[in-house]
Amino acid sequence: MNTEQLIDRAKEVRNRAYVPYSKFPVGAAILMKSGKVYEGCNIENAAYPVTCCAERVAIFKAISEGETDFEEIAVVADTNRPVPPCGSCRQVISEFFEQDTKVHTTNLSGEVKTLTVRELLPYSFNQDDLTK
Ligand SMILES: O=c1ccn([C@H]2C[C@H](O)[C@@H](CO)O2)c(=O)[nH]1
Ligand SMILES: [Zn+2]
């Protein structure tokens, strides 16, 4: 599975987004080190803050299946620039991915901007901060 194929999987799952409020579908696909792929789309709610982003849906699916070895993630939306993951997702990505893991942000025009987790969320709060 190459990056292009992973982006295609993100585009596919984007079609299953539940977005009656924002009408802004997002898709995410994660390649695990095992070769397995986990997909996620954003799922909204009438109580708006209950919404879960595509990235977190995909990550939580993997974690709940006992898979923790993340290789790379692709995120896609219909945006003018490659879609940047929100702050909450950056924090969750940072919790579970190695800091040099690649995050491929993309849009439907085919633009791809690849960042590392570290670049996406520098100076992150993490579990080391919990113990002095
Ligand atoms: O990277 C992003 C950015 C936004 N959203 C979702 C949240 C909400 O459902 C909609 C508009 O913010 O897009 C994602 O899923 N991922
Ligand atoms: Zn998010």
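Just the heavy atoms: all of them, side chains too, but no hydrogens, waters or symmetry mates, feed the values below.
Side chain of Gln5 to main chain of Asn2: a donor-acceptor pair is present (N/O by atom type, distance under 3.5 Å, no hydrogens or angles). With hydrogens and angles disregarded, no donor-acceptor distance shorter than 3.5 Å links the side chain of Thr101 to the backbone of Val117. The backbone N or O of Gly110 sits less than 3.5 Å from a side-chain atom of Asn107, completing a donor-acceptor pair. Side chain of Asn42 to main chain of Phe24: a donor-acceptor pair is present (N/O by atom type, distance under 3.5 Å, no hydrogens or angles). Checking side-chain atoms of Gln91 against main-chain N and O of Phe125 turns up a donor-acceptor pair under 3.5 Å. Panel note: side chain Thr106, backbone Val75; a donor-acceptor pair is recorded below 3.5 Å. At least one donor-acceptor pair closer than 3.5 Å links the side chain of Thr51 to the backbone N or O of Tyr48.
Counted within 6.0 Å of CD on Glu4, heavy atoms from surrounding residues, nucleotides or ligands total 12 or fewer; the atom is thus considered open. The number of heavy atoms from other shown groups lying within 6.0 Å of NZ (Lys33) is above 12.
The distance from the CG atom of Leu108 to the OG1 atom of Thr79 is 7.5 Å, given to the nearest 0.5 Å. Atoms CD1 and SG, from Ile73 and Cys89 in turn, are 8.0 Å apart once rounded to the nearest 0.5 Å. Put simply, CZ on Arg56 and CZ on Arg90 are 12.5 Å apart, with the number rounded to the nearest 0.5 Å. One distance of note links CG of Asn80 with OG of Ser109; it measures 7.5 Å at 0.5 Å rounding. Rounded to the nearest 0.5 Å, atoms CD1 (Ile7) and NE2 (His104) are 6.5 Å apart. To the nearest 0.5 Å, atom CD of residue Glu71 and atom CE of residue Met1 are 12.0 Å apart.
Of the charged side-chain nitrogens involved, none lies within less than 4.0 Å of a carboxylate oxygen, so that Glu72 and Lys102 do not count as a salt-bridged pair. Between Glu39 and Arg14, none of the side-chain N atoms (NZ, or NE/NH1/NH2) sits under 4.0 Å from a carboxylate O, so this pair counts as no salt bridge.
Between Met32 and Val37 the shortest side-chain heavy-atom distance does not fall below 4.5 Å. For the pair Ile93/Ile59, a side-chain contact is recorded, criterion being any heavy-atom separation below 4.5 Å from C-beta on.
In this structure, Val57 and Ile43 approach most closely via the heavy-atom pair CG2-CD1, 4.2 Å. Heavy-atom minimum distance, Ala17 versus Pro25: CB-CB, 3.6 Å. Listed here is the closest heavy atom pair of Val13 and Gly40: CG1-O, 3.4 Å. When all heavy atoms are compared, the tightest approach of Asp129 to Ser124 is OD2-O, 3.9 Å. A pairwise comparison of heavy atoms in Cys86 and Cys53 identifies SG-SG, 3.9 Å as the closest pair. Nearest heavy-atom pair, Ser64 versus Lys61, reported as atom, atom and distance to 0.1 Å: OG-O, 2.9 Å.
Criterion: ILVMFWY side-chain heavy atoms under 4.5 Å apart, direct or through other members. Under it, Leu6 and Leu115 are not part of a common hydrophobic cluster. Leu31 and Val76 fall into different hydrophobic clusters, defined by Ile, Leu, Val, Met, Phe, Trp and Tyr side-chain heavy atoms under 4.5 Å apart, directly or through other members.
Under the 3.5 Å distance criterion, with hydrogens and angles disregarded, no donor-acceptor pair is assigned to the side chains of Thr116 and Gln99.
The cationic atom of Lys36 (NZ for Lys, CZ for Arg) lies less than 6.0 Å from the six-membered ring centre of Tyr38 and within 45° of the ring axis.
Under the 30°/60° scheme for interplanar angles, the aromatic rings of Phe70 and Phe97 are found to lie parallel.
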